[in-house]
Student: 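Take this structure first; my questions come after.
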Number of protein chains: 2
Amino acid sequence: MGKLREPLNDIYGDNCALPLALEAMGERWSFMILRAAFNGVHHFEEFQQELSIARNILSNRLSRLVDHGIMAREVMAEDRRKVRYELTQKGIELLPAMIALRQWGEKWGAGVASTPVLVDTRDEQPIGPVTMTAHDGRTLTYGELLWKHRSELQPLGQARVRMAPVAAE
Amino acid sequence: MGKLREPLNDIYGDNCALPLALEAMGERWSFMILRAAFNGVHHFEEFQQELSIARNILSNRLSRLVDHGIMAREVMAEDRRKVRYELTQKGIELLPAMIALRQWGEKWGAGVASTPVLVDTRDEQPIGPVTMTAHDGRTLTYGELLWKHRSELQPLGQARVRMAPVAAE
DNA sequence: CGCCTTTGGTTGCAATTTGCAACCCGCTGT
DNA sequence: ACAGCGGGTTGCAAATTGCAACCAAAGGCG
């Protein structure tokens with residue numbers, strides 16, 4: 001493979017984790033494959049039909065996702081022709097990013113109603129927006145945020161605030 | 001331009017907003033440009049130096065972002081050589097998606113510490129993880145979620161729950 | 001066992017995109 | 001008038017994408 005398209009994390013490496021994430025997911029199809037996977041798609045032909053993606057590209061992308069540890073590839077025992085692609089924990093944790101993107105698309109695209117919908121098991125109501133939270137769990141709006149250089153961070157004041165159960169998995 | 005790379009939303013259109021979002025942001029550089037913009041970068045040369053991106057590509061990407069209403073392009077009055085690129089509200093609202101991606105990269109990349117850091121103006125502490133919330137504002141974990149087809153949604157029960165101040169802007 | 005089918009890929013090739021470098025052009029400052 | 005800056009465009013080579021055809025290891029079956 002090439003050196004023309006130099007990996008983003010080679011360029012920006014230690015400065016920011018975004019390029020690193022993009023190296024794995026920053027392609028047109030990666031999120032679509034992820035979405036299909038979340039929707040219960042597990043096999044090559046299923047992905048191919050769901051997404052109308054070229055077979056060689058699909059092959060390439062699945063390999064890449066596997067290489068990045070986002071999906072796991074397993075040859076099935078009972079029928080060794082079949083290969084099962086499954087999201088790993090690392091892949092599952094891309095859900096907030098994917099949903100955030102989807103919600104943004106819903107809000108700003110001309111009234112697209114995505115299906116299927118993610119609902120709360122408690123009451124089967126659709127979930128709310130993906131939000132940014134403070135270290136104590138409060139939901140933060142853009143206006144309450146500030147960029148700080150890593151060097152000028154406040155040391156965490158003595159346990160004035162207790163860490164909220166800030167779930168992620 | 002071509003018909004080889006058919007727009008994702010042409011294919012999946014009304015089914016899901018994700019392809020629509022990806023049509024605008026699903027390229028290697030888009031999120032990097034967005035990141036720079038959030039970091040206060042406004043001018044062509046600044047982007048170019050920050051990102052080490054080829055000038056023609058940068059030009060193309062900025063145009064695309066402007067076309068999609070994510071950034072606004074304004075020729076500056078006091079020096080008509082200069083052009084100022086600014087995030088629109090639509091662009092600003094990509095922040096949760098970008099942060100989610102970055103946090104994912106931080107968690108799963110080999111200990112990359114992103115700079116600058118987004119902090120809560122209240123106490124200048126770094127923000128917590130981007131989370132999915134229920135319609136009532138509760139933070140949801142992956143295990144509390146379920147995919148439902150749009151047709152089998154529960155009608156919202158009589159005001160048993162009050163809508164939480166589910167901030168977004 | 002031979003032969004067909006399914007599954008998950010490769011391969012060959014043309015069209016498109018990316019990236020580097022050089023060039024361009026309308027301001028501004030002097 | 002003229003050098004230099006800001007923000008691009010252009011030409012070309014290398015890489016990626018996509019279509020369509022081909023391939024091959026299992027399984028099914030008469």
Side-chain angles (χ1 to χ4, degrees), chain A residues 1-8 10-12 19 22-33 36-37 41-67 71-86, chain B residues 1-12 19 22-33 36-37 40-67 71-86:
Chain A
M1 303 245 182
K3 70 181 195 307
L4 184 72
R5 201 190 192 96
E6 191 170 5
L8 285 175
D10 280 8
I11 315 178
Y12 309 102
L22 291 176
E23 206 52 59
M25 297 299 298
E27 298 161 293
R28 190 180 157 72
W29 289 111
S30 305
F31 271 103
M32 291 304 291
I33 291 175
V41 168
H42 292 288
H43 295 282
F44 191 93
E45 300 291 335
E46 290 176 326
F47 282 111
Q48 208 274 312
Q49 293 217 340
E50 265 278 303
L51 304 177
S52 309
I53 183 179
R55 305 175 70 81
N56 52 348
I57 305 300
L58 176 57
S59 176
N60 183 293
R61 292 303 177 273
L62 285 173
S63 302
R64 185 187 302 264
L65 290 172
V66 169
D67 287 347
M71 287 195 152
R73 191 194 123 107
E74 182 196 7
V75 177
M76 296 185 78
E78 75 273 29
D79 184 345
R80 298 172 42 70
R81 284 172 305 181
K82 291 189 184 172
V83 171
R84 185 180 173 86
Y85 289 96
E86 189 112 39
Chain B
M1 306 247 180
K3 69 180 194 312
L4 184 71
R5 201 189 191 94
E6 192 170 4
L8 285 174
N9 44 349
D10 281 9
I11 315 177
Y12 310 102
L22 291 175
E23 207 51 58
M25 296 300 298
E27 299 161 294
R28 188 179 157 74
W29 289 111
S30 305
F31 270 103
M32 290 305 290
I33 291 175
V41 168
H42 292 287
H43 296 282
F44 191 94
E45 300 291 335
E46 290 177 325
F47 282 111
Q48 209 274 311
Q49 294 217 339
E50 267 276 305
L51 304 178
S52 309
I53 181 179
R55 306 175 69 81
N56 52 349
I57 305 299
L58 175 58
S59 176
N60 183 293
R61 292 303 177 272
L62 284 172
S63 302
R64 186 187 301 264
L65 289 172
V66 169
D67 288 348
M71 288 196 155
R73 190 194 126 109
E74 181 196 9
V75 178
M76 297 185 78
E78 75 273 28
D79 184 345
R80 299 175 42 69
R81 282 173 307 182
K82 291 189 182 171
V83 171
R84 186 181 171 84
Y85 289 96
E86 189 112 38

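Every chain is numbered from 1 and lettered A, B, ... according to where its sequence line falls, protein lines coming before strand lines.
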Student: OP1 or OP2 of C/dG8 sitting under 4.0 Å from any side-chain N/O of A/His43?
Tutor: yes
Student: Find the distance A/Met76:CE to D/dA26:C1' and express it as a whole number of Å.
Tutor: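 About 14 Å, once rounded to whole Å.
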Student: Hey, does A/Glu23 have a side-chain heavy atom less than 4.5 Å from the side chain of B/Arg28?
Tutor: yes
Student: Can a donor-acceptor pair be found, under 3.5 Å and without considering hydrogens, that links the side chain of B/Gln48 to the backbone of B/Ala54?
Tutor: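 Flag not set: sc B/Gln48 to bb B/Ala54 has no pair under 3.5 Å.
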Student: Assess whether a salt bridge exists between B/Lys82 and B/Glu45, defined as any Lys/Arg side-chain N lying under 4.0 Å from an Asp/Glu carboxylate O.
Tutor: no
Student: Between P on C/dT10 and CD on A/Gln48, what's the gap in Å once rounded to a whole number?
Tutor: 14 Å
Student: Could you tell me how far apart B/Glu45 (CD) and D/dG8 (C1') are, to the nearest whole angstrom?
Tutor: 9 Å
Student: Is B/Ile53 close to B/Phe47 at the side-chain level, that is, under 4.5 Å between some pair of heavy atoms?
Tutor: no
Student: Could you tell me whether the side chain of B/His42 and the main chain of B/Arg84 form a donor-acceptor pair under 3.5 Å?
Tutor: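 Not confirmed, B/His42 side chain does not pair with B/Arg84 backbone.
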Student: Calculate the interatomic distance between A/Asn60 atom CG and D/dC19 atom C1'; express it in whole Å.
Tutor: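 The answer, rounded to whole Å, is 16 Å.
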Student: Quick one: on DNA chain D, does A/Asn56 or B/Phe44 contact a more 5' nucleotide (nearest heavy atom)?
Tutor: B/Phe44
Student: Okay, side chain of A/Gln49, backbone of A/Glu46: is any donor-acceptor separation there less than 3.5 Å?
Tutor: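 Not a single qualifying donor-acceptor pair exists.
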Student: Would you tabulate the pairs of protein nitrogen or oxygen atoms and nucleotide nitrogen or oxygen atoms of nucleotides 1-3 of chain C closer than 3.5 angstrom?
Tutor:
none

Student: Measure CG/B/Leu58 against P/D/dT10 and give the value in whole Å, please.
Tutor: 16 Å
Student: For B/Ala72, which residues count as a side-chain contact (heavy atoms from CB on, under 4.5 Å) partner, sequence neighbours excluded?
Tutor: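 Expected list: B/Thr88.
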Student: C/dG9, OP1 or OP2 - any side-chain N/O from A/Tyr85 closer than 4.0 Å?
Tutor: yes
Student: Under 3.5 Å, is there a donor-acceptor pair between the side chain of B/His43 and the main chain of B/Val83?
Tutor: yes
Student: Among residues 77-84 of chain B, which residues get a heavy atom nearer than 4.0 Å to DNA chain C?
Tutor: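 Close to the strand are B/Asp79, B/Arg80, B/Arg81.
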Student: Is A/Trp29 near enough to D/dG18 that one of its side-chain N or O atoms lies under 4.0 angstrom from OP1 or OP2?
Tutor: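 Looking at the OP1 and OP2 atoms of D/dG18, one of them is under 4.0 Å from a side-chain N or O of A/Trp29.
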Student: Hey, are the side chains of A/Met71 and A/Glu86 touching, using non-hydrogen atoms and a 4.5 Å cut-off?
Tutor: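 No. Closest side-chain heavy atoms not under 4.5 Å.
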Student: Expressed in angstrom and rounded to an integer, what is the separation of B/Glu27 atom CD from C/dT16 atom C1'?
Tutor: 13 Å
Student: Does OP1 or OP2 of D/dT9 have a side-chain N or O of B/Ser59 closer than 4.0 Å?
Tutor: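 For B/Ser59, the contact criterion (side-chain N or O under 4.0 Å from OP1 or OP2 of D/dT9) is met.
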Student: B/His42 NE2 to D/dG7 P: how many Å, rounded?
Tutor: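 Atom-to-atom, B/His42 to D/dG7, this comes out as 12 Å.
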Student: Contact class for B/Phe47 (heavy atom, under 4.0 Å): base, sugar-phosphate, or nothing?
Tutor: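 Nothing, no heavy atom under 4.0 Å.
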Student: Is there a donor and acceptor pair closer than 3.5 Å between the side chain of B/Arg55 and the base of C/dG19?
Tutor: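 No, the side chain and the base share no sub-3.5 Å donor-acceptor pair.
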Student: Checking the side chain of A/Ser63 only, and the main-chain atoms of A/Ser59 only, is there a donor and an acceptor separated by less than 3.5 Å?
Tutor: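 Indeed, once roles are kept as given, a pair shorter than 3.5 Å links the two residues.
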Student: Would you please confirm or rule out a distance under 4.0 Å between OP1 or OP2 of D/dT17 and any side-chain N or O of A/Arg61?
Tutor: yes
Student: Roughly how many Å is it from CD1 in B/Ile57 to P in D/dA14, rounded to a whole number?
Tutor: 17 Å
